[in-house]
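Notes follow once the structure below has been shown.
A note on names: the letters A, B, ... follow the listed sequences, proteins ahead of strands, and every chain is numbered from 1.
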Amino acid sequence: MSTTCADPKTLEGLVWLGCYLTNGKHLLFYRSIGTVLLLLAIAAPVSLAMGFGGAMAARARFWPARILGRAYIAMVRGVPDIVFFLFFVIALDQALEFVRHKIKCPDWTDPVFRGSDFVVCPEAKLPLSSSPQIWHEIYGFSLAVFTFGIVFGAFAANVLYGAMRAVPQAQIETAEAYGMTHRQSFWRILVPQMWLYALPGLSNLWMILVKATPLLFLLGVEDIVYWARELGGAKTQAFDYPHPDWRVWYFLALLVFYLLMTYVSQKVLGRLTARLTRGQATLGGEAMRKGAAA
Amino acid sequence: MTCAETFAAYALRSIGIGERLLPREGFDICQQVVLIGSGLIWNIYFGVLALGFGFFAATGLAVAKNARSRWIRQPAELFIFVFRGSPLFIQFFLAYEALVLLPRAGIEVFGLTIETSWTTKAQAGALFVLFLNTSAYAAEIFYGALLAVPKGDLEAADAYGLRGWKRFRRVVWPTMLRLAWPSYTNEAIFLFHATTLVFFSGFPAWRQKGDALYYANYFADKTFNPFIPYPIVAGYFILLTLALIGLFGLANRRLNRHIPSDRRQRIRYRPQVIR
């Protein structure tokens, strides 16, 4: 490719397109698709874990934990959508820098909040202004992952909390009749069974999470939306690959990408539901049992 | 500037009445509350119109999705899948870029010139996208409710000799709405929340006439302090949500008026994040 693409102005047709779609900027664009997938791959387990912790806390017998868990669920659910995303990243960033400022520069006498400015000592900056670009990107990305984790964790907590209560009480009573402790009946009986009840809510949440990923753009990460705008914009003759405004095609590609994600997710979740329904004391499970018997 | 003067200058700023320049100094609470509240006019505009038109489109789509003919069912299914399966954010971008590509001078159809430049304005373009989006989401809700209409109701309609349009209008539609109403209330709330995305995606604010979040973002950028403007937006939206729940609750009461009071469906607010 490197030799054929050396002088793009002389190329035509498919060769031109091939070279165009594999130039450096486009490789960055493809990498940003990887960023989205990475965000999904990290944010989903993180929010599931936070949700599990939240749900466990919300039904704990120790009352401060219970209040904390319920407050967490109520807090995030009560605040309208995107405002939370815009607000939380700045607030988190400032909180982190403020704590570092207090630890690293105890001698600093100037106030941190100066009217409309937020100033911390240079050593407390996150990441340090001297650190390489990659750290800035990683920091921004982790803030985004954390924000997604907190917000979606609250929703997952709500779903799991409901699911834990949906497991038939008789199952727990049976476990206790067998002499299991509270902890044992939780881990051995409740948790394995609750996933079926949690699945509709969790799959709904996954779909929302997938569709929320373009918001990375708002959080300042150079994601697919950024690159689609950047690459699609009209390029003059000064560029190696001049072309008119192609942004609409790039966004169409993104739309197809997301539709594909939704489609695949629907298929996978459908299979997972079937797998979890097996042997359960529900309408679906009963239908499966009869189908297998017939 | 006193608060009353600020109110006179900026209360209708978002629709172009009052002071031309946005405030450049001060940024006191009064300014922020008034200007962000002024932006809320656009949120209400988008929400009310998209919901109003979307309601009828959604009913049509739900019936189409339930149709026996493949030629009617599949386009409806595809439409719903496309708009529910992709982020609203991307839909906005795509719509804007597509509308920008329309010829500036207008399209000639049978000697008539159709103006196109107005479609790239948020008032029209974004409203159109929101309309299509809410139609798809509401259609899925209505479709689910349509399948849940009790068989007994339909048998009763047949027994009365109702058929076709009359059967739909008198029996199926009211029951469908009654069953769908709690979910539809949530959909309406999400739609209002989604209107905050308009000026954050493709559509530029013309002459700085933006929505509530646009002005909140303006203040957050100017003051580097997100702790005042964003909670103001949140407060406005909580009020808006409460008003919506109240209004839809009234409609719910009317839809449920023939049901014994212990079997009525209550509306429960189940918020969702981003669509």
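- For the ring pair (Phe, Tyr, Trp, His ring centres under 6.0 Å) with Tyr184(B), the lone residue among Phe142(B), Tyr137(B), Tyr143(B), Phe190(B) that qualifies is Phe142(B).
- Contact tally against chain B (heavy-atom pairs below 4.5 Å) for Leu259(A), Leu209(A), Val210(A): the top residue is Leu259(A).
- Of the inter-residue distances, the one linking Leu132(B) atom CG with Leu127(B) atom CG reads 9.5 Å to the nearest 0.5 angstrom.
- For the side chain to side chain donor-acceptor pair (under 3.5 Å) with Lys65(B), the qualifying choice from Gln74(B), Glu77(B), Glu140(B) is Glu140(B), the only one to do so.
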Problem - Verdict with supporting geometry, Thr35(A) and Phe141(A), side chain to side chain contact (heavy atoms under 4.5 Å, CB included) - result: CA-CA 9 Å; Thr35(A) 310; Phe141(A) 183 73; 3.6 Å; yes

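- Taking 4.5 Å as the limit, every side-chain heavy atom of Val198(B) sits out of range of all side-chain heavy atoms of Leu213(B).
- For a heavy-atom cut-off of 4.5 Å, chain B lies close to Val248(A), Phe251(A), Leu252(A), Leu254(A), Leu255(A) in residues 248-256 of chain A.
- Within a 6.0 Å sphere centred on CZ of Phe128(B), other residues, nucleotides and ligands contribute 12 heavy atoms or fewer.
- Note on ring orientation: taking the six-membered ring where Trp is involved, the planes of Phe148(A) and Phe152(A) are parallel (angle under 30°, cut-offs 30° and 60°).
- Contacts between residues 260-271 of chain A and chain B, counted as heavy-atom pairs separated by less than 4.5 Å, involve Thr262(A), Tyr263(A), Gln266(A).
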Practice task
Could you walk me through whether Tyr214(B) and Leu35(B) pass the side chain to side chain contact (heavy atoms under 4.5 Å, CB included) test, one step at a time?
Solution key: CA-CA 10 Å; Tyr214(B) 175 83; Leu35(B) 199 55; over 6 Å; no

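- The one candidate from Phe46(B), Phe92(B), Phe93(B) that meets the side-chain contact (heavy atoms from CB on, under 4.5 Å) condition with Val129(B) is Phe92(B).
- Centroid-to-centroid, the aromatic rings of Tyr215(B) and Phe219(B) stay 6.0 Å apart or farther.
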